[in-house]
Peer 1: 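Sharing a structure, written as structure tokens. Questions coming.
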Amino acid sequence: MPELPEVETFRRYFDRTSLHQKIKEVRLYSPEMIRGISPKKLREELRGHEFVSTGRHGKYLFAQLDSGKDLVLHFGMTGHLKYFNDPKKSPSYVRLLIQFPNDYNLAFDCLRKLGRISFANDRAKFIADKKLGPDVLADDFDFNKFLEIVSQKKGSVKSILMNQHTLAGIGNLYADEILFQSRIHPSQRINELSKAKKKRLFDAIKPVLVATIERKADWAKLPKNYLLNDRGKEGKCPLCGRTLMRETVAGRTTYYCPRHQSLKR
DNA sequence: AATATTGTTCAGCA
DNA sequence: GTGCTGAACAATAT
């Protein structure tokens, strides 16, 4: 689930639930998911402190503490957040639990343990160390910047969209949606796209992500002309009803409409 | 039982 | 250095 729109939705959820409360206790149930800090140190950094704000870069969520440092969460494929009081409402695969004095808990739940928990003294340095590209929703990520980055690339458009070192935030599913909305074939080489098509591609990125965030990443509420709900067996193009093509592009299962996304220039 | 799955990372190769 | 492929990671659902 978690690509940029989901992570942004988690970030807003974090803001609504978990800021400005003293952290009473920290429980780390899956220490193997921690990177760059020991479980003991993480507990020390959190306990007795409180979260004051959050941030996001691509698929990374930063939760800033009153110390100025950040708890950093990456959700892998199956991670999510849940704030709950009643133990009966606890999710099933809690990997990190943060307990507050009001008896509520914030759980980082992650079925497959592909999510990551880390800590950053300096958010900018963390992003630089991870070599992340610009967050695609950042205000200063404009068409000129996009062109500049993309003009040095040669791979398939889909691989470029999904590469976090190039652009941060887009994964397999939203790459497909962005390509469908811009009517570009996922295997098209980026260097073979005209400037007009690059513009069309760029112009689809933010609207798709923003529209999804506005719906709290609830796909059922997406516009009818979106492809996301039609992935899967025998999915049909929401525009022309043709059966969607399913093939592997850039190593990932890809859906596209053969009529609306042709390979020719 | 084989296959698939939204994530990243890394080795191997052209 | 670039880009692609496949595997690994982990745990489940179909």
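By convention in this document, chain letters (A, B, ...) are assigned in the order of the sequence lines, proteins followed by strands, and residues within each chain are numbered from 1. Everything numeric in this text was worked out from a predicted model, so none of it was measured.
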Peer 1: Just checking A:Arg35: base, sugar-phosphate only, or nothing, at a heavy-atom cut-off of under 4.0 Å?
Peer 2: nothing

Peer 1: Please state how far atom CG in A:Leu167 lies from atom C1' in B:dT8, giving the value in whole angstrom units.
Peer 2: 16 Å

Peer 1: With no hydrogens and no angle check, do the side chains of A:Ser187 and A:Lys158 hold a donor and an acceptor under 3.5 Å apart?
Peer 2: no

Peer 1: When you compare the side chains of A:Glu247 and A:Tyr256, does any donor N or O come within less than 3.5 Å of an acceptor on the partner?
Peer 2: yes

Peer 1: Any cation-pi pair here, A:Arg183 with A:Phe180, using under 6.0 Å and within 45°?
Peer 2: yes

Peer 1: For the side chain of A:His165, starting at C-beta, report the closest nucleotide among B:dT9, C:dA11, B:dT8.
Peer 2: B:dT9

Peer 1: Base, sugar-phosphate, or nothing: which does A:Phe75 touch, judged by heavy atoms less than 4.0 Å apart?
Peer 2: nothing

Peer 1: Rounding to the closest angstrom, what is the interatomic distance between B:dT3 and C:dA8 at atom P?
Peer 2: 15 Å

Peer 1: Any idea which of C:dA11, B:dA4, B:dT8 is nearest the A:Gln164 side chain?
Peer 2: B:dT8

Peer 1: Select from A:Arg112 and A:Met162 the residue whose nearest nucleotide in DNA chain B is closer to the 5' end of that strand.
Peer 2: A:Arg112

Peer 1: Is the shortest side-chain N/O distance from A:Lys59 to OP1 or OP2 of B:dT8 below 4.0 Å?
Peer 2: yes

Peer 1: Once you apply a heavy-atom cut-off of 4.0 Å, does A:Lys130 come out as touching a base, just sugar-phosphate, or nothing?
Peer 2: sugar-phosphate

Peer 1: Mind running side-chain contact (heavy atoms from CB on, under 4.5 Å) on A:Lys130 and A:His165 for me, showing each step along the way?
Peer 2: CA-CA 8 Å; A:Lys130 287 277 177 191; A:His165 299 310; over 6 Å; no

Peer 1: Among the candidates C:dC4, B:dA4, C:dA11, find the nucleotide nearest to the side-chain atoms of A:Ser156.
Peer 2: C:dC4

Peer 1: Taking atom CZ of A:Phe100 and atom CG of A:Asn105, what is their separation to the nearest 0.5 Å?
Peer 2: 8.5 Å

Peer 1: Is there a side-chain contact between A:Tyr60 and the phosphate of B:dT8, meaning an N or O under 4.0 Å from OP1 or OP2?
Peer 2: no

Peer 1: For B:dA4, does either OP1 or OP2 sit under 4.0 Å from a side-chain N or O belonging to A:Arg231?
Peer 2: no

Peer 1: Would A:Lys153 and A:Asn163 count as having a side-chain donor-acceptor pair, cut-off 3.5 Å?
Peer 2: no

Peer 1: Starting at CE of A:Met77 and ending at P of B:dA4, how long is that distance when rounded to a whole Å?
Peer 2: 13 Å

Peer 1: With a 4.0 Å cutoff (strictly under), does any side-chain N or O of A:Arg252 reach OP1 or OP2 of B:dG7?
Peer 2: yes

Peer 1: Choose from B:dT5, C:dC4, B:dG7 the nucleotide whose nearest atom is closest to any side-chain atom of A:Arg189.
Peer 2: C:dC4

Peer 1: Of the listed nucleotides (B:dT9, B:dG7, C:dT12), which one gets closest to any side-chain atom of A:Leu111?
Peer 2: C:dT12

Peer 1: Taking atom P in both C:dG6 and B:dT5, what distance in whole Å separates the two?
Peer 2: 14 Å

Peer 1: Does B:dT5 have OP1 or OP2 sitting under 4.0 Å from an N or O in the side chain of A:Thr253?
Peer 2: yes

Peer 1: Is there a side-chain polar atom (N or O) of A:Ser159 under 4.0 Å from OP1 or OP2 of C:dC4?
Peer 2: yes

Peer 1: Phosphate oxygens OP1/OP2 of C:dT2: is one of them under 4.0 Å from a side-chain N or O of A:Lys153?
Peer 2: no

Peer 1: Would you indicate which nucleotide in C:dT12, C:dA10, B:dA4 comes nearest to any side-chain atom of A:Leu114?
Peer 2: C:dA10

